[in-house]
2 protein chains.
Amino acid sequence: MKKTILIFAALILALVLLFQLSTYAIISGNLEIEITIAIIAIVFFFIGIMLHKKSLLKQERPSSEIDSKKITDLEISNREYEVLQQIAIGLSNKEIAEKLFVSESTIKTHVSNLLIKLNAKRRTQAVQRAKDFQIL
Amino acid sequence: MKKTILIFAALILALVLLFQLSTYAIISGNLEIEITIAIIAIVFFFIGIMLHKKSLLKQERPSSEIDSKKITDLEISNREYEVLQQIAIGLSNKEIAEKLFVSESTIKTHVSNLLIKLNAKRRTQAVQRAKDFQIL
DNA sequence: AATGGACTCATACTAAAGTACCAATCCCTT
DNA sequence: AAGGGATTGGTACTTTAGTATGAGTCCATT
């Protein structure tokens with residue numbers, strides 16, 4: 001909200017400045033009115049583009065951001081989440097075990113707990129549900 | 001490219017029209033120059049926003065579009081692709097078999113072929129690779 | 001008519017995945 | 001110090017997944 005106010009203040013300021021400039025230019029005869037109008041048009045054209053770009057950035061981020069709150073809500077521990085990430089890239093339990101320097105038994109335990117917490121029957125379904133929850 | 005030319009033509013036309021309007025207004029004394037400038041600024045401000053929005057739509061679509069050419073390149077058949085989609089949503093072979101009204105054996109055959117064609121060792125990896133290829 | 005691709009299904013395996021239970025540390029909080 | 005969650009690991013099993021191989025049907029192209 002603060003940024004919006006600042007942006008609009010800047011816009012009004014720019015408008016006033018351009019107006020002052022154009023008035024002076026027209027009176028002093030240094031600039032033609034067509035050029036003044038053209039400059040104003042171009043300046044606000046690009047202001048429109050830039051503002052829209054910034055507003056979109058704020059909207060796009062959440063859609064691809066992981067929801068860390070949801071992870072804690074589901075009571076998924078750090079280690080379990082690490083395992084979940086490895087499942088998502090298609091690794092087997094043995095491969096995950098080697099990557100995280102633990103035994104395959106440990107990974108199986110983590111996977112079983114993940115399936116319960118994500119209410120999934122299989123690891124493929126767990127990945128799908130995790131993506132629905134925006135935690136992957 | 002054609003659209004870009006049309007858009008710029010429309011922009012120039014709008015600029016000329018606004019210029020004509022403002023010249024007439026100022027000469028006839030019906031409008032103050034400040035108001036004219038303000039109108040031009042607002043109009044081009046919104047033109048900027050709208051143009052940027054349209055250009056973004058063209059960019060976003062391809063990133064979430066499935067690459068049907070890639071599917072044929074990988075020699076993945078229609079039925080195999082259907083199975084791939086079901087794997088991606090986390091179904092087991094038996095569940096896929098019931099959904100597509102075929103036996104589990106058939107699904108296993110399709111899955112095996114998919115793994116070869118996608119160069120994957122497991123179904124989870126197949127899903128991951130399919131997404132890399134933009135076919136899911 | 002013959003060939004080849006797509007789809008189907010089966011059998012018999014081997015290999016992963018997943019379940020159920022138990023248990024030992026470690027670390028943090030009460 | 002005691003309790004509890006997190007992490008680790010094991011054994012013993014059941015269930016899915018995946019491989020290998022062969023074979024039949026259907027359909028379009030040659």
Side-chain angles (χ1 to χ4, degrees), chain A residues 66-133 135-136, chain B residues 66-133 135-136:
Chain A
I66 57 150
D67 189 349
S68 53
K69 188 183 167 297
K70 190 71 190 177
I71 298 175
T72 49
D73 280 357
L74 292 168
E75 294 182 300
I76 293 174
S77 71
N78 292 334
R79 204 55 164 169
E80 284 164 357
Y81 184 66
E82 285 183 72
V83 173
L84 178 59
Q85 290 176 314
Q86 302 306 315
I87 292 174
I89 63 175
L91 298 188
S92 67
N93 288 338
K94 185 183 279 184
E95 287 169 339
I96 297 171
E98 288 167 1
K99 199 167 179 177
L100 300 184
F101 306 108
V102 292
S103 77
E104 195 184 339
S105 300
T106 306
I107 301 302
K108 283 190 176 185
T109 306
H110 289 321
V111 172
S112 281
N113 290 332
L114 275 170
L115 294 181
I116 294 168
K117 291 174 181 177
L118 286 168
N119 191 29
K121 290 178 188 168
R122 281 162 293 281
R123 48 170 59 211
T124 44
Q125 199 175 25
V127 171
Q128 188 58 23
R129 286 188 63 77
K131 282 179 180 171
D132 287 345
F133 284 141
I135 63 178
L136 265 185
Chain B
I66 59 149
D67 188 349
S68 52
K69 188 185 166 296
K70 190 71 191 175
I71 298 174
T72 49
D73 280 356
L74 291 169
E75 293 183 299
I76 294 174
S77 71
N78 292 335
R79 204 55 163 169
E80 284 164 357
Y81 185 66
E82 285 183 72
V83 172
L84 179 58
Q85 290 175 314
Q86 302 306 313
I87 292 174
I89 64 175
L91 298 188
S92 68
N93 288 338
K94 185 182 278 183
E95 287 170 338
I96 298 171
E98 287 167 1
K99 199 165 179 180
L100 300 184
F101 305 109
V102 292
S103 77
E104 195 184 340
S105 300
T106 305
I107 300 302
K108 284 190 175 186
T109 305
H110 288 321
V111 173
S112 281
N113 290 331
L114 275 170
L115 294 182
I116 293 169
K117 291 174 182 178
L118 286 169
N119 191 29
K121 291 176 187 169
R122 280 164 293 281
R123 47 171 58 213
T124 44
Q125 200 176 24
V127 171
Q128 188 59 23
R129 286 187 63 77
K131 283 180 180 171
D132 287 343
F133 284 141
I135 61 179
L136 267 184

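Numbered from 1 within each chain, the chains take letters A, B, ... in sequence-line order. All values below were derived from every heavy atom in this structure, side-chain atoms included, with hydrogens, water molecules and symmetry-related copies excluded.
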Listed nucleotide nearest any side-chain atom of [X], set [options]:
X: B/Thr109; options: D/dT8, D/dT16, C/dT8; value: C/dT8
X: A/Arg79; options: C/dG18, C/dC9, D/dT8; value: D/dT8
X: A/Val111; options: C/dT8, C/dG18, D/dG9; value: C/dG18

Separation of atom [atom1] in [X] from atom [atom2] in [N], rounded to whole Å:
X: B/Arg122; N: C/dG18; atom1: CZ; atom2: C1'; result: 15 Å
X: A/Leu118; N: C/dG18; atom1: CG; atom2: P; result: 12 Å
X: B/Phe101; N: C/dC9; atom1: CZ; atom2: C1'; result: 18 Å
X: A/Ile116; N: C/dT19; atom1: CD1; atom2: C1'; result: 9 Å
X: A/Lys121; N: C/dA16; atom1: NZ; atom2: C1'; result: 20 Å
X: A/Lys108; N: C/dT19; atom1: NZ; atom2: P; result: 10 Å
X: B/Glu80; N: C/dT8; atom1: CD; atom2: P; result: 10 Å
X: A/Ile107; N: D/dG10; atom1: CD1; atom2: P; result: 12 Å

Have a look at [X] and say if it touches a base, only the backbone sugar-phosphate, or nothing, with a 4.0 Å heavy-atom cut-off.
X: A/Ser92; answer: sugar-phosphate
X: A/Ser105; answer: base
X: A/Ser77; answer: sugar-phosphate

Tell me whether the OP1 or OP2 atom of [N] has a side-chain N or O from [X] closer than 4.0 Å.
X: B/Arg123; N: D/dG18; answer: yes
X: B/His110; N: C/dT8; answer: yes
X: B/Ser112; N: D/dA17; answer: no
X: B/Asn93; N: D/dT16; answer: no
X: B/Ser103; N: C/dC9; answer: yes

Judged by atom type as modelled, is there a donor-acceptor pair below 3.5 Å linking the side chain of A/Glu95 to the main-chain atoms of A/Leu91?
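No, the answer is negative, given that no donor and acceptor are paired below the 3.5 Å cut-off.
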Kindly indicate, with the supporting measurements, whether the criterion side chain to side chain donor-acceptor pair (under 3.5 Å) is fulfilled by A/Thr106 and A/Ser103.
CA-CA 5 Å; A/Thr106 306; A/Ser103 77; 3.1 Å; yes
Inter-axis angle, terminal five-pair segments of the helix from C/dA1-D/dT30 to C/dT30-D/dA1 [nearest 10°]:
40°
Between B/Glu75 and A/Lys94, which is nearer to the 5' end of DNA chain C once each is assigned its nearest nucleotide?
B/Glu75
Tell me whether A/Asp132 at atom CG has more than 12 heavy atoms from other residues, nucleotides or ligands lying less than 6.0 Å away.
yes
Find the distance between CD1 (B/Ile66) and OH (B/Tyr81) and round it off to the nearest 0.5 Å.
4.0 Å
Report the C-alpha distance between A/Lys121 and A/Leu115 in whole Å, list the side-chain angles of each, state the deciding distance to 0.1 Å, and finish with yes or no for side-chain contact (heavy atoms from CB on, under 4.5 Å).
CA-CA 6 Å; A/Lys121 290 178 188 168; A/Leu115 294 181; over 6 Å; no
Does the pair B/His110 and B/Val102 meet the rule for a side-chain contact (heavy atoms from CB on, under 4.5 Å), with working shown?
CA-CA 11 Å; B/His110 288 321; B/Val102 292; 5.8 Å; no
Dump the intermediate steps for side-chain contact (heavy atoms from CB on, under 4.5 Å) on A/Ile96 and A/Val111, then the final yes or no.
CA-CA 11 Å; A/Ile96 297 171; A/Val111 172; 5.6 Å; no
